[in-house]
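Source: prediction; values computed, not measured. Just so we're on the same page: letters track the sequence lines, and every chain starts at 1.
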Amino acid sequence: MMSGRRCSQEDDCCSLLSRLGSDSPRPRMKYGGMFCSVEGAFENKTLNFESFSPQTQRRRAARTQSQGPDGGGGGQTVVFPSGHTQESYDHLFISCVSPPVLPSINSVCFQGNRLIIKGGKIVNDDQSFYADVYVEDGTIKQIGEKLIVPSCVKMVDAYGQLVIPGGVDANTNLHTPQRGMHPADDFYQGTRAALSGGTTTIMDHVLVEPGTSLLTAFNQWRETADQKACCDFSLHLDITRWHEGLCEELETLIKDQGVNSFLFFMAYKDKYQSSDSQLYEAFGVLRDLGAIAQVHAENGDIIDEEQKKLLFLGITGPEGHVLSHPEEVETEAVYRAVTIAKQANCPLYVTKVMSKSAADVIAKARKKGIVVYGEPITASLATDGSHYWSKDWATAAAFVMSPPLNRDPSTPQYLTSLLACGDLQVTSSAQASFSTAQKAVGKDDFTLIPEGTNGIEERMSVVWDRAVTTGKMDENEFVAVTSTNASKLFNIYPRKGRIAVGSDADIVIWNPKETRTVSAKTHNLTVEVNILEGLELRGVASVVISGGQVVLEDGKLNVAKGSGHFIPRKGFPDAVYKRIRARSKMAEARGVPRGNYDGPVHDVISMTTSVPPTPTTRGTTCPKTQASLRNLHQSGFTLAGTQIDDHIPRRSAQKIVAPPGGRSNITSLS
Amino acid sequence: MQCNISQYQNVMMDFNQLPPSPLQSGRLLIKGGRVVNDDQSLYADVYIEDGLIKQVGENLSVPGGVKVIEANGRMVIPGGVDVNTCLMKPHLGAQPADGFLQGTRAALAGGTTMIIDHVSPEPGQSLLEAFECWQEAADKKACCDYSLHVDIPQWNETVKDELELLVQDKGINSFQVYMAYKDVYQLSDSELYEALSFLKQLGAVVLVHAENGDLVAQEQRKILRMGITGPEGHPLSRPEELEAEAVFRAITLGNRVNCPMYITKVMSKSAADTIAQARRKGSVVFGEAITASLVTDGSHYWSKNWAKAAAHVTSPPLSPDPTTPDHLNTLLACGDLQVVGSAHCAYSPSQKAIGREDFTLIPEGTNGVEERMGFVWDRAVAMGKMDENQFVAVTSTNAAKIFNLYPRKGRIAPGSDADVVIWDPDSSKTITAKLQQSTSEYNIFEGLECRGGPALVLSQGRVVYEEGELQAQQGAGQFIPRKHFPDYAYQRVKSRNQQGVTRGLYDGPVCDVVPTPKYITPSPSARTSPTSHQPQPIRNLHQSSFSLSGTQSDDYIPRRSGHRVVAPPGGRSNITSLG
């Protein structure tokens, strides 16, 4: 029945379009027909976008402005002239319908802005339905059957395919340097690969080197990305050294710059690692500002010890990487991160869930009601850690990333299952590709190998192949884990992650039947080794529309460098913070009003005598660094321990107890 | 029955060479009792001579004129072993109300005939000195046999030598490390890793006080800032998760190092569950519930009576969840937890009142040494969760095994020490501070009824407690040395050691590194970078210390081997360790 209807639709549409005036066509919602069984259902799902995002207007204005100058890439902004060129438009439209002529789209200047996707099945995270999508000015303007659209728009044929929101990849490192080297695939190649795989928004990590300003690093990244990125992007900030002074910058970033997620490292000892106290403080600040805390969860202390042990044993190859990053170390850190987040009542997002047990910890924590999200990545869903033992050094090194891929070959399946049942929520790629030559920096010492794998291009296909074709997940869940959930968490929903009127026109036409074989020869990255080499994946993006432009069609990638826009994200994402807010109110602890204790009190004066004259506590010795040689050893140690650990504790502790002199150490002895 | 006895004879061989206790009250025969060990119960008489059990069986041929004690069918069990007491742990210079004398008297009155006390040196203090100080005090005062754990307040090179000495010469095989008490006792994960590696080589059992000290410190500050200064701030600042998290981390560390771990004071359900799960996965970890956590809950912290609320202050705190005691008893019964300690550390209300305006200053510790055995019986055996053999296991045998006292303690067998209790399951008493042996003025179990208790207690072959009459002798207790590598903990660990990486060096093709120098930019990329590129000297103070400490505390072992090589005479030692 449906197909019958659809067959006639096209002609209908043409005739309709030719008849109607083209400026401001009133969207005609038609009830009955395809939607008769669920009358009104569709309209409910079409979100009133304007009410959600006051920024849209501003942004759209910005977009049209910015498109003016760089116009050559995707066509000029054409204010559709009412009627008078209608004839010629009709011609073009007809020519567009037949695919063979399509390569000329780019030369047809005004067409890029208006698109109609016909005959596809629209898949959102909550439901699927058959409808056409009309896109104008980079946003979705109409959804429905027999849309009334201006004539002569470009038509994209989606018969028999799925129309899904473009993928959102919440974790990439396209500019993050490791040991001074930038990844082989930068914003241009990376986003190009992303688009070819059906991902239309990336969230990249800004690594702020210890000691540098957050804003500086942010601006640097943003500038680079603005110049190079081919798809929309947003940025996370990686905070490598927490101290109180960052609060102001954080506030600026969240309120003015549109960054609402910050990553902390629990690994990389002495380099990026944050202590538990720092995490707690930072989480508290982030919660007040409405941001999401992300963690790289591995116990850096243990890793450091294990690395030393392995190098001592003479193991220098990439297998040492796995051996020094055992699964438990990841699990432990996830557990700790969850505990800290629970205490601080801050939403937590665990990046790169690589092992079964880590995923289990997250699943359990969620069952206890803790606001925590887990992100498996392309690599952990598609392959395992057996390759670290490959005889080919380059292959083995290509897999090096932290946390490492798990040696247990059932891990990918397990993670896929958890993804399907909602225990894990987001898939990302953790893309950070280094060429073999770059990886070879660590040929004699695995700890020096730059960490990171590819996956930005294969992500959507991997999820489809592993989860949907195997029957673990349906197409709606597929959309949820590849785009919608990430958009909700990071507060770009419904602008991204949904096919709805008002959403950005980031649309992928997904062909579930097609297969492709992953190979380094054919992929769009520059790295020589693809860790998924030879995998046959079912499910391919056949057409990709980014910002209203068709960037992939017929296997041809047509991207414009720098066409990506920065997507600001506001604080307090609803999907996350509704619960947090309610809990903050509930969590008010109250003291017990009692009368004063009037019994005898043990004499505390004796205490002062009992404090041994030796430098007992780690804290006290530090302020005065004695010059004597032997003390150098000890003072250095103590100095550091306390200084990094907490800046505030010391201060506030003094406020409370506050006898002048060195009693602060004793208070914490309790 | 006969074959059982011959089996005991074998055990006896090992003990013949042990010196007899100096204080013998001669010969004793316990008649008509049911001997309950952790594996079986049997009706047998027990003959005791020279402070040792000489024979167990029916129709024993004993010399004439021995004192006969009629057990009348009651249970004859090994005296309790309480592995967690703090009878001399100073808090701000104040000694606990119960010292070795009062504490061991209370222990004996409750059926416990051996304690293992914690030596708590201050950071910077010599472990050896502290140990000797404790031993001296205990030798003078203790009424029952005792042994000592040593707490490691900080980790450095000198501690290592002392530990070695303690293990080799002093008969200490268990050391406690702290994951809490930030800036005082707390060790970082790196330090823990090293400490565990070292203690494992020595064959010691590592006791862990498991709480996340960083978070506790943060929470304390937060709570104080909110204006909560009463004892309820204590549980509020130390929520259950922090305990469970630290337990999880401790177990992870233990697994990585392959070192047996012993979690002291399991106070919450989630911490206990974490241990149970780890054991299911094969980790060598033991969990110790304490009297307080098995009997009462944390609701008392909110009591209007400050003294009562403060009396419950201990770390980790009692869980406010009222189902906790029941859950812990269940895990104890099924073997997921192994040991019951008391964590007896009793401070008087006036001592507790040091913290009347700031809960972080309240000395931590509850009573429980006297009530321990009785309450395990009441809560687990009388409730039908546990049988009498398991009762013996959790109150004495398991502890004796873990800490290498078995079969000298924790078993009724020929050759074992004559620490015997005749247990009366039907007796019932109401706990009150007025009738207790402990001198602390407040008993946290006040008013609770407890079924089951000792009818008669023998320590070193002497009757020290009989029907409410305590005849303990000050200084009678002996120090019991414990050898390292206890089988119960280390057998599995030893065989797991084999799994070290046996593969040869990586010999595959190695990629050409020619382009590398181009990539290594002059910008700070290596780990130590943050220090090197900080320009201002003042700011550097902060940062240089950071990296300094990192490497310093990280590893001594690799470094040490370097030491020997470099080794110029003179004072360069500190510089070498700087790295």
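Residues forming a side-chain contact (heavy atoms from CB on, under 4.5 Å) with A:E306 (at least two apart in sequence, or on another chain): A:I302, A:K309, A:S324, B:Y193, B:R256.
A:E332 contributes no side-chain N or O that, together with a main-chain N or O of B:R249, makes up a donor-acceptor pair within less than 3.5 Å.
Contact of B:L192 with chain A is not made at all, since no heavy-atom distance falls under 4.5 Å. B:E441 does not touch chain A: none of its heavy atoms, backbone or side chain, sits under 4.5 Å away. If you measure heavy-atom distances from B:N212 to chain A, the contacts under 4.5 Å come from the side chain alone. With a threshold of 4.5 angstrom between heavy atoms, B:T274 approaches chain A through side-chain atoms but not through N, CA, C or O. If you measure heavy-atom distances from B:E357 to chain A, you find no contacts under 4.5 Å at all. The parts of B:P349 that come within reach of chain A are both its backbone and its side chain, each placing non-hydrogen atoms under 4.5 angstrom from that chain. Heavy-atom distances place the backbone of B:Y301, and not its side chain, under 4.5 Å from chain A. No part of A:K368 comes within reach of chain B, as not one of its non-hydrogen atoms sits under 4.5 angstrom from that chain.
A:S277 and B:K182 make their closest contact through OG-NZ, 3.4 Å (heavy atoms, listed as atom of the first residue, atom of the second, distance). Counting all heavy atoms, side chain and backbone alike, B:K222 lies closest to A:Q343 at NZ-O, 4.2 Å.
Interface check for chain A: of the options B:A307, B:G227, B:P231, the most heavy-atom pairs under 4.5 Å are formed by B:P231. Top candidate by heavy-atom pairs under 4.5 Å with chain A, chosen from B:K352, B:K304, B:H234, B:E245, is B:E245. Among the candidates B:A180, B:A244, B:A246, the residue making the largest number of heavy-atom pairs closer than 4.5 Å to chain A is B:A244. Chain A forms more heavy-atom pairs under 4.5 Å with one residue of B:G233, B:S303, B:G230 than with any other, namely B:S303.
Counting only heavy atoms from C-beta outward, the side chains of A:R336 and B:D189 approach each other to under 4.5 Å.
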Quiz prompt | Derivation and outcome, side-chain contact (heavy atoms from CB on, under 4.5 Å), residues A:T331 and B:T252 | solution = CA-CA 9 Å; A:T331 316; B:T252 306; over 6 Å; no

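Atom CD1 of residue A:I340 and atom CG of residue B:L215 lie 5.0 Å apart, to the nearest 0.5 angstrom. Distance check: A:I303 CD1 to B:S190 OG gives 10.5 Å after rounding to the nearest 0.5 Å.
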